[in-house]
Amino acid sequence: METTYIYMAAGLIFAFFSGFLSLDFVQKKFKKSDFLSELLFLPLFAILAIGLIALFFGISQEYDTIFPTDLGELLTAVLFTGIIFFVSTFETSRLVLFSSILLGAAACSFFMPPEFLVFQGALPLVADRICLILLWALFSYCCQYLNIFEALFSLQSLTVSTGIFILFLLGGVSALVGAYALFLTGLFAALLSLGWPPSKINISHGSAQALGFALAWLMVKTCGEGSSASVLIFSAVFVLEMLFAFAKKLLPFSPKNIYQNTHFYQMTTVKLSGSSICINLVKIAALMVILGSFQIYSPNSFSIPVFSFAIAAWLINRLAAWEPKEEEPVKTKKTKKAKK
């Protein structure tokens, strides 16, 4: 077990420092390039692939997991992370992009045994798989809508990966899943450190969707080990934002671009600075991680999630209604880049 913790620590250090240094280098080297936001994904993808594969061979799964990770599943997840980035970057059709994400989720689920049920037996196998693939694809596709500014996407991703690692410390998931979570925590921490307002980097929506696909794979692995409710709590802010934005799109006189319907985009239009948004979001994220961690001791799968969603919705609306002092507004991405 001591060797496992050494691998985990090495993965965290490698992910953070290689991510930070490579992003900083690319930002300075190609700062005049029209494709800078796309180029920033390439070192992240290389680090992601190297780190996940190295951890797979370094950490034993013999006695410490319900459903061991298959090498083919891991390689498929890494491969489609890259494919989704390139499709999102060079393909303007939303249907083609969403189909590629669906294909990636379906390909990864092919390696999962029949006993691997995300909804823990509440649905038949076929229905469970269909829901898994659809939710996986929706999560990855919608990550672009939280890429309003870099710190926002990084912070939400960091919340999920940190929460999953804490589940490992509490005995809720296997060592390999915990190692993957800690590795992604280091990678997203590097993104957050450079993306904290005022941001020094500018990642593309395609990068957010690709990284979201990899994060969704980790979430699915966690759900398969019986921690679906905890994962739902960790991603509460993301889920609530998407539900609000899609629901508002149906209303007359509302912007038809989902990107503009999110609470966080609207916060930036009332002179609320990016740092103020992120500081308050850190508090909400910490609360969700605590509640999600307590969930593994809960006798049921709905009490704490319902309470968490109610608290998160109240805090987000309270933040959106905040009357701030005169601050420097955060610079958001051009909405035309986000696929409706």
Side-chain angles (χ1 to χ4, degrees), residues 61 65-70 72-74 76-77 80-81 84 95 98-143 156 159-161 163-164 167-168 170-174 176-178 180-181 209 212-247 288 291-310 312-313:
Q61 302 183 72
T65 184
I66 300 175
F67 301 107
T69 299
D70 187 274
E73 176 192 345
L74 172 62
T76 301
F80 271 93
T81 297
I84 289 165
L95 179 60
F98 191 72
S99 298
S100 67
I101 301 175
L102 277 175
L103 180 61
C108 291
S109 66
F110 174 78
F111 294 93
M112 299 173 184
E115 298 81 15
F116 188 100
L117 300 173
V118 170
F119 295 94
Q120 302 173 23
L123 296 175
L125 174 61
V126 175
D128 189 277
R129 283 290 187 271
I130 292 174
C131 289
L132 161 65
I133 294 169
L134 287 175
L135 291 173
W136 188 338
L138 283 171
F139 180 90
S140 175
Y141 182 83
C142 290
C143 279
Q156 283 301 289
T159 302
V160 176
S161 61
I164 294 174
L167 289 184
F168 157 71
L170 297 174
V173 296
S174 67
L176 185 59
V177 171
Y180 286 156
Q209 290 173 315
F213 182 86
L215 180 62
W217 174 72
L218 176 65
M219 294 165 70
V220 168
K221 299 296 293 181
T222 306
C223 291
E225 299 201 13
S227 298
S228 301
S230 294
V231 169
L232 184 62
I233 295 171
F234 297 149
S235 56
V237 172
F238 175 87
V239 174
L240 287 169
E241 276 295 273
M242 291 303 99
L243 290 175
F244 174 81
F246 277 96
M288 293 302 107
L291 291 171
S293 300
F294 274 116
Q295 172 58 39
I296 65 172
Y297 302 110
S298 176
N300 61 65
S301 300
F302 57 86
S303 299
I304 297 180
V306 169
F307 175 74
S308 301
F309 269 67

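Taking Thr222 as the reference, nothing meets the side-chain hydrogen bond (donor to acceptor under 3.5 Å, both in side chains) condition, with sequence neighbours excluded. For Phe98, the ring-ring contact (aromatic ring centres under 6.0 Å, His included) test picks out Tyr141, with sequence neighbours left out. Annotation: side-chain contact (heavy atoms from CB on, under 4.5 Å) contacts of Pro124 (sequence neighbours excluded): Ala127. Residues satisfying the side-chain hydrogen bond (donor to acceptor under 3.5 Å, both in side chains) test with Trp136, not counting sequence neighbours, are none. By the side-chain contact (heavy atoms from CB on, under 4.5 Å) test, Ile130 pairs with Val126, Leu134, sequence neighbours left out. Partners of Ser99 under the side-chain contact (heavy atoms from CB on, under 4.5 Å) rule, at least two apart in sequence or in another chain, are Leu95. Taking the ring-ring contact (aromatic ring centres under 6.0 Å, His included) definition, one finds that Phe139 meets it with Phe238, sequence neighbours left out. With sequence neighbours excluded, no residue forms a side-chain hydrogen bond (donor to acceptor under 3.5 Å, both in side chains) with Ser100. Residues satisfying the side-chain contact (heavy atoms from CB on, under 4.5 Å) criterion with Ser235, sequence neighbours excluded, are Val160, Met219, Val239. A search for side-chain hydrogen bond (donor to acceptor under 3.5 Å, both in side chains) contacts involving Gln156 returns nothing, not counting sequence neighbours.
Between the Asp128 side chain and the Leu123 main chain, no donor and acceptor come within less than 3.5 Å of each other. In this structure, Ser230 contributes its side chain and Ser293 its backbone to no donor-acceptor pair below 3.5 Å. One N or O on the side chain of Glu225 and one on the backbone of Ser174 form a donor-acceptor pair closer than 3.5 Å.
To the nearest 0.5 angstrom, Ser301 atom OG is 12.5 Å from Ile296 atom CD1. Here the straight-line distance linking atom OG of Ser228 with atom CG of Leu117 works out to 9.5 Å at 0.5 Å rounding. Atom CZ of residue Arg129 and atom CG of residue Leu125 lie 5.5 Å apart, to the nearest 0.5 angstrom. The distance from the CD1 atom of Ile233 to the CZ atom of Phe294 is 11.5 Å, given to the nearest 0.5 Å. One finds the CG atom of Leu138 at 7.0 Å from the CZ atom of Phe246 (value rounded to the nearest 0.5 Å). In this structure, CZ in Phe67 is found 6.0 Å from CD in Glu115, a value given to the nearest 0.5 Å.
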Distance-only criterion, 3.5 Å: show the donor-acceptor pairs between side-chain atoms of residues 303-310 and protein atoms not counting sequence neighbours.
from   : atom 1 : to     : atom 2 : distance (Å)
Ser303 : OG     : Asn300 : OD1    : 2.9
Ser303 : OG     : Asn300 : ND2    : 3.0
Ser308 : OG     : Ile304 : O      : 2.7

Tell me which donor-acceptor pairs under 3.5 Å the side chains of residues 101-108 have, and how far apart each pair is, sequence neighbours excluded?
none

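Side-chain atoms of Leu232 and Gln295, non-hydrogen and from C-beta on, never get closer than 4.5 Å to each other.
Nearest heavy-atom pair, Met288 versus Ala236, reported as atom, atom and distance to 0.1 Å: SD-CB, 3.9 Å. The shortest non-hydrogen separation linking Ser227 to Leu167 is CB-CD1, 3.9 Å. When all heavy atoms of Thr81 and Ala214 are compared, the closest pair comes out as OG1-CB, 3.8 Å. Among all heavy-atom pairs drawn from Leu218 and Ala181, the shortest one is CD2-CA, 3.6 Å. The minimum heavy-atom distance between Phe111 and Asp70, with the atom names listed, is CD2-OD1, 3.6 Å. The minimum heavy-atom distance linking Cys223 with Val118 is given by the pair CB-CG1, 3.8 Å.
In summary, the aromatic rings of Trp217 and Tyr180 are positioned with their centroids under 6.0 Å apart.
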CA sep, side-chain torsions, deciding dist, call: Leu176, Lys221, side chain to side chain contact (heavy atoms under 4.5 Å, CB included): CA-CA 10 Å; Leu176 185 59; Lys221 299 296 293 181; over 6 Å; no
